[in-house]
There are 2 protein chains.
Amino acid sequence: MNRKREGMMKQEAKEDVKQKILDGAKHLFARKGFEGTTVRQICDEAGVALALVSYHFGGKENVFYALFDSLEPGLLKETYDLTDPESDFRKFILEFVRFRMSEPELINILQQEVMMQSPRLEKLQEVMFPVWLLLRNILQAGKEQGQFQFESLKHTMYVVVGTLVYSRTSSFLEPLLESIPGASTKESFEEVVAYTTQYILNGLQRK
Amino acid sequence: MNRKREGMMKQEAKEDVKQKILDGAKHLFARKGFEGTTVRQICDEAGVALALVSYHFGGKENVFYALFDSLEPGLLKETYDLTDPESDFRKFILEFVRFRMSEPELINILQQEVMMQSPRLEKLQEVMFPVWLLLRNILQAGKEQGQFQFESLKHTMYVVVGTLVYSRTSSFLEPLLESIPGASTKESFEEVVAYTTQYILNGLQRK
DNA sequence: GTCTATACAGAGATAGAC
DNA sequence: GTCTATCTCTGTATAGAC
């Protein structure tokens, strides 16, 4: 009895601390990068003692991977039967933008790792591979069925992925856009989806 | 006489070592990031002694900035009079892709820094600001003259910059594209320019 | 100008008390 | 499970010989 109660308390406390570490790490990795973030910073941010990263995760690297373990891109929960590629593509863009806006820090981290082709990328690829494979299949089906027109699937993948993944989180363009009326207004999810969808579909010369 | 000759020799040797350090640093920053790169690695890569980074540049940070000091994006050397925005835009894309393909590592580094909104970004902004300003003016002129159709300049800036800047250097999509016939062929400069131009202009609903 | 050797701060990880 | 104190290694920067 006593033991069981202790066990539960431990469990709860453990989850709490682990989550606090993960939250702090996500925030710091996004802003400082993996190498630029120290275990001390993570623990300070989480408000826990230095030793707990090693205790719960066994090192900084495992904290990093744990960030992506829990990640199940909602994207793939939808059904894509490829009978109507344009409709599938619209759904895909919608879900991707939803993912990007709900987890901007993870997208940010992912981007950094891709840029530097980090040794940690292999595991991240496992997460993203199904997503890019789906995109590939949608594009290919769309071409075959005449809904999209393009010559090179490879080039198309790159420009489309570039458009999708490019983060609006970083505000480096802001100083340039301040003078524009209404530009400082926070854009809504629907707005971004509509805009991105239109741009990409136009880019693919949809009839 | 003797002194003068010594001075020249020093100058030559200095330039040589400085350049070797810059080259090594560029390569390493692109692959490991600023924080992930050590001065030791830079000097090993350059084949010089550890102390020389401090001697010539006064620290790692200044090596970083020096990488962008010498950078004059050829982009801006062209003339853009905005009387024919579409033509200007095509020229802009051409020059931007040329820049991206000639300095992939700098683009890579720039992207990393933008992602993490690093404290070094301020100086990098100075380099890129004129470029994005020019793009903004071209888009705005094109809209006013009816060559481009879009509602929000802000959104348009983001999707276009995303398309332009997204690096094809990183090969994370390769495993997905291997099965495609001809995909492993190295794409040519002209090919990438043509493709990017078409995608973006279509995206802007050019008539 | 360039090198080797070293100082000193900071990193990640662990030991051991509670 | 969590904390503090500490170990060890590696980081940047400098001192001093050549």
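Residue numbering restarts at 1 for every chain, and letters A, B, ... go by the order of the sequence lines.
The ring-ring contact (aromatic ring centres under 6.0 Å, His included) test applied to A:Phe34 returns A:Phe29, A:Phe64, not counting sequence neighbours. Qualifying ring-ring contact (aromatic ring centres under 6.0 Å, His included) partners for B:Phe89, counting only residues two or more places apart in sequence or in other chains: B:Phe148.
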Exercise for the section: Let me have a per-nucleotide readout for nucleotides 11-18 of chain C, 5' to 3', with B, S or -, counting only protein heavy atoms under 4.0 Å. Expected result: BBBBB---

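Taking atom NE2 of B:His56 as the reference point, atom P of D:dT14 lies 15 Å away to the nearest angstrom. To the nearest angstrom, C1' of D:dG11 lies 15 Å from CG of B:Leu28. Atom CZ of A:Phe57 and atom P of D:dT2 are 11 Å apart (whole Å).
Between A:Trp132 and A:Tyr158, a ring centre-to-centre spacing not shorter than 6.0 Å is recorded.
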Practice task
Walk me through it: do A:Thr163 and B:Tyr166 pass the test side chain to side chain donor-acceptor pair (under 3.5 Å)?
Solution key: CA-CA 8 Å; A:Thr163 308; B:Tyr166 197 69; over 6 Å; no

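Within a 6.0 Å sphere centred on CD of B:Glu151, heavy atoms belonging to other residues, nucleotides or ligands number 12 at most.
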